[in-house]
Amino acid sequence: MRTRPPDPVWRLLVLLSATVAPCATAALLVAMALSGAGVVPVVVVAAAAAVLHVAAWRADPRPVGAFVAAAGAMAVLALVPMPGWSSGVWLPSSACYLLAAWRLVVAGPRPWVGRVLAVGVAGVALTAGAAAVRAPGDAGGGAAGGGTWSAWLPVLEAALLLAAVVAVWGFARAARAQRERAAADAAERLERARRSERAEIRRDLHDVIAHSLTLVVAQAEAARVGTREPATAQALAQVADTARSALLGLRGMLRVLDAAPAVAGDVVPSLDGLPALVAAAATPLHVVTLTEHGERRALPADAESALVRLVQEGLTNALRHVAPPLTVEVHVDWDAERDADAVRVRVSDDGGAGPRAADDAGVRAGTGSGLAAAERRVTAAGGTLDVERGGTDASGWTLSARLPTVGAA
């Protein structure tokens with residue numbers, strides 16, 4: 001089944017083969033009949049020419065069948081004697097064979113690419129052999145040197161035929177390679193689009209759902225510590241454990257959806273939502289503060305997205321991996337005097353009560369993919385990210401990023 005319509009050049013060549021070539025062939029057949037050729041040779045040649053034209057017309061939807069039919073017709077023309085001609089393959093209609101060969105090499109099954117060349121070379125050999133057999137009968141009389149010319153004529157014709165066959169095959173093979181490269185490029189673009197879509201889903205799941213589940217765990221643990229009712233404490237512990245299990249399942253699904261790095265142009269989280277993001281992470285056992293220094297400046301869309309996602313990832317990692325009580329500080333420095341071309345953001349924790357236990361489900365599920373994605377976002381926006389040991393306390397961690405503002409060089 002054809003996957004796309006043939007190009008306009010191919011349509012024009014087929015149209016010419018169906019209009020100009022038949023008229024020229026018909027005129028030669030009339031001349032052949034007037035020169036004394038028998039009825040049978042004329043009819044056979046006419047039938048072979050008709051097959052060639054039908055093959056050229058059907059070469060696009062049925063390239064293999066059309067080529068086989070055209071090759072058979074050319075074999076007939078090579079064997080049928082034509083008065084005044086060394087071979088019938090020089091009929092104008094014979095160009096239809098080259099069209100059928102071209103189409104099969106360009107758009108047909110790959111195994112036929114080499115077969116077309118082999119058939120063409122065999123056809124040239126058959127034509128040269130048949131012409132050589134008929135040459136002695138055609139060489140009598142004429143000017144001096146006429147016999148020598150008749151002896152060399154089949155060789156010259158065979159060389160011309162071979163050159164035509166090889167040239168058409170070579171150009172067709174190059175056209176096929178170009179089509180295959182274009183198809184490969186299209187497939188690669190489609191795969192990149194699929195990976196980008198999967199990456200967007202993955203990032204949304206990680207940035208939104210994983211962050212929310214981490215807050216559920218932190219708030220449930222804080223509430224459990226503050227309650228005196230054993231039943232309530234047990235229920236809150238179960239809520240925290242369930243959220244951790246959900247995190248574990250989410251991490252497994254994210255590994256399945258793992259795809260290409262994030263690129264600029266994603267949906268942009270707003271800086272206006274930064275205070276609410278920080279406030280949502282605060283609990284009685286988690287002190288989370290936001291400090292902005294200087295007047296806000298405009299950020300490119302990708303830099304704004306990277307800043308908010310970095311803060312979100314820093315909060316998520318601190319709440320997930322550090323046991324409470326915990327203090328996390330988010331500091332955004334807009335001071336143009338310190339850095340006229342960029343904004344600096346820092347997320348640091350004090351180490352809390354130490355790392356969570358290794359058998360904690362939420363800890364066990366971590367793979368570091370969120371931090372790696374945050375780093376890719378920062379880099380794609382033209383910024384830099386550093387991860388350092390030692391936050392507000394020597395045992396904590398600090399994420400520091402520098403992101404360009406609008407108009408930065």
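In this chain, numbering begins with 1 at the start of the sequence shown. Excluded from the calculations below are hydrogen atoms, water molecules and symmetry mates; all remaining heavy atoms, backbone and side chain alike, are included. Remember, it's a predicted structure, so these values are computed and weren't measured experimentally.
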- prompt: Nearest 0.5 Å, what's the CZ-NE2 distance between Arg338 and His293?
  reply: 5.0 Å

- prompt: With a 4.5 Å limit on heavy-atom distance, are the side chains of Ser400 and Arg344 in contact?
  reply: no

- request: Look up atom CG in Leu326 and atom OG1 in Thr283, then write down how far apart they are to the nearest 0.5 Å.
  value: 8.5 Å

- line: Distance col, row Leu277:CG vs Leu290:CG, nearest 0.5 angstrom, shows 9.0 Å

Main-chain N/O of Ala340 paired with Arg297 side-chain donor or acceptor, under 3.5 Å: yes

task: Look at atom CH2 of Trp112 and say whether more than 12 heavy atoms of other residues, nucleotides or ligands are closer to it than 6.0 Å.
output: yes

query: Any side-chain heavy atom of Pro355 within less than 4.5 Å of one from His321?
result: no

- prompt: Taking 4.0 angstrom as the limit, do Glu188 and Arg181 come out as a salt bridge?
  reply: no

Residues Val343, Asp333; criterion side-chain contact (heavy atoms from CB on, under 4.5 Å); working and verdict: CA-CA 6 Å; Val343 59; Asp333 188 357; 5.8 Å; no

query: Which atom names give the shortest non-hydrogen contact between Pro300 and Val406, and what distance separates them?
result: N-CG2, 3.6 Å

message: Given 3.5 Å as the limit, does a donor-acceptor pair link the side chain of Arg176 with the main chain of Val105, or not?
response: yes

4.5 Å side-chain heavy-atom contact, Val45 and Val43: no

query: Can a salt bridge be assigned to the pair Asp272 and Arg296 using a cut-off of 4.0 Å between side-chain N and carboxylate O?
result: yes

query: Short question: side chain of Thr25, backbone of Ser93 - any donor-acceptor pair under 3.5 Å?
result: yes

- line: Heavy atoms of Ala281 and Leu315 approach each other most closely as CB-CD1, 4.2 Å

task: Answer yes or no: is there a side-chain heavy-atom contact under 4.5 Å between Val332 and Leu274?
output: yes

task: State the CG-CZ distance between Leu385 and Arg376, to the nearest 0.5 angstrom.
output: 12.0 Å

- request: Enumerate the residue pairs fulfilling ring pair (Phe, Tyr, Trp, His ring centres under 6.0 Å) with a member in residues 163-201, sequence neighbours excluded, ordered by first and then second residue.
  value: none

task: Please lay out, stage by stage, how Leu77 and Leu91 fare under the test side-chain contact (heavy atoms from CB on, under 4.5 Å).
output: CA-CA 9 Å; Leu77 291 178; Leu91 283 176; 4.0 Å; yes

- prompt: CD of Gln178: more than 12 outside heavy atoms within 6.0 angstrom?
  reply: no

query: Would Thr398 and Ser348 count as having a side-chain donor-acceptor pair, cut-off 3.5 Å?
result: no

- request: For residues Ala78 and Thr127, report the shortest heavy-atom separation together with the two atoms involved.
  value: CB-OG1, 3.4 Å

- request: Could you give me the CA-CA distance, side-chain angles and deciding distance for Asp302 and Arg377, then say whether salt bridge (charged side-chain N to carboxylate O under 4.0 Å, His left out) is met?
  value: CA-CA 8 Å; Asp302 52 356; Arg377 288 191 187 95; over 6 Å; no

message: Is any side-chain heavy atom of Leu79 closer than 4.5 Å to one of Leu126?
response: yes

query: With a cut-off of 6.0 Å (strictly less than), are more than 12 heavy atoms of other residues, nucleotides or ligands near CD of Glu191?
result: yes

- prompt: Have Gln312 and Arg309 got a donor and an acceptor in their side chains that come within less than 3.5 Å?
  reply: yes

query: How far apart are the closest heavy atoms of Gly120 and Val165, and which atoms are they?
result: CA-CG1, 3.8 Å

message: Do Leu161 and Trp90 make a side-chain contact, defined as non-hydrogen atoms from C-beta onward lying under 4.5 Å apart?
response: yes

statement: Between Pro404 and Ala303, the two heavy atoms sitting closest are O-CB, 3.8 Å

message: Ignoring hydrogens, what is the shortest heavy-atom contact between Ala66 and Ala59? Give both atom names and the distance.
response: CB-CA, 3.6 Å

message: Counting C-beta onward and ignoring hydrogens, is there a side-chain heavy-atom pair between Glu329 and Val347 closer than 4.5 Å?
response: no

- prompt: Do Trp334 and Glu292 have a side chain donor and acceptor closer than 3.5 Å?
  reply: yes

- prompt: Is there a donor-acceptor pair closer than 3.5 Å between any side-chain N or O of Glu157 and the backbone N or O of Ala128?
  reply: no

message: As a quick check of understanding, evaluate side-chain contact (heavy atoms from CB on, under 4.5 Å) for Val330 and Thr291, giving each step before the final call.
response: CA-CA 6 Å; Val330 179; Thr291 304; over 6 Å; no

Main-chain N/O of Ala318 paired with Asp349 side-chain donor or acceptor, under 3.5 Å: no

field: Between NE2 on residue His286 and CG on residue Leu319, distance to nearest 0.5 Å
entry: 5.0 Å

query: Is Ser305 reaching over with its side chain to a backbone N or O of Ala301, donor-acceptor style, under 3.5 angstrom?
result: no

- request: Please check if the side chain of Arg179 supplies one atom and the backbone of Ala174 the other of a donor-acceptor pair under 3.5 Å.
  value: no

message: Tell me whether the rings of Phe67 and Tyr97 are parallel (<30°), tilted (30 to 60°) or perpendicular (>60°).
response: tilted

From OG1 (Thr384) to CZ (Arg402), nearest 0.5 Å: 6.5 Å

field: Val119 and Leu117: CA distance, side-chain angles, deciding distance, side-chain contact (heavy atoms from CB on, under 4.5 Å) verdict
entry: CA-CA 5 Å; Val119 170; Leu117 181 60; over 6 Å; no

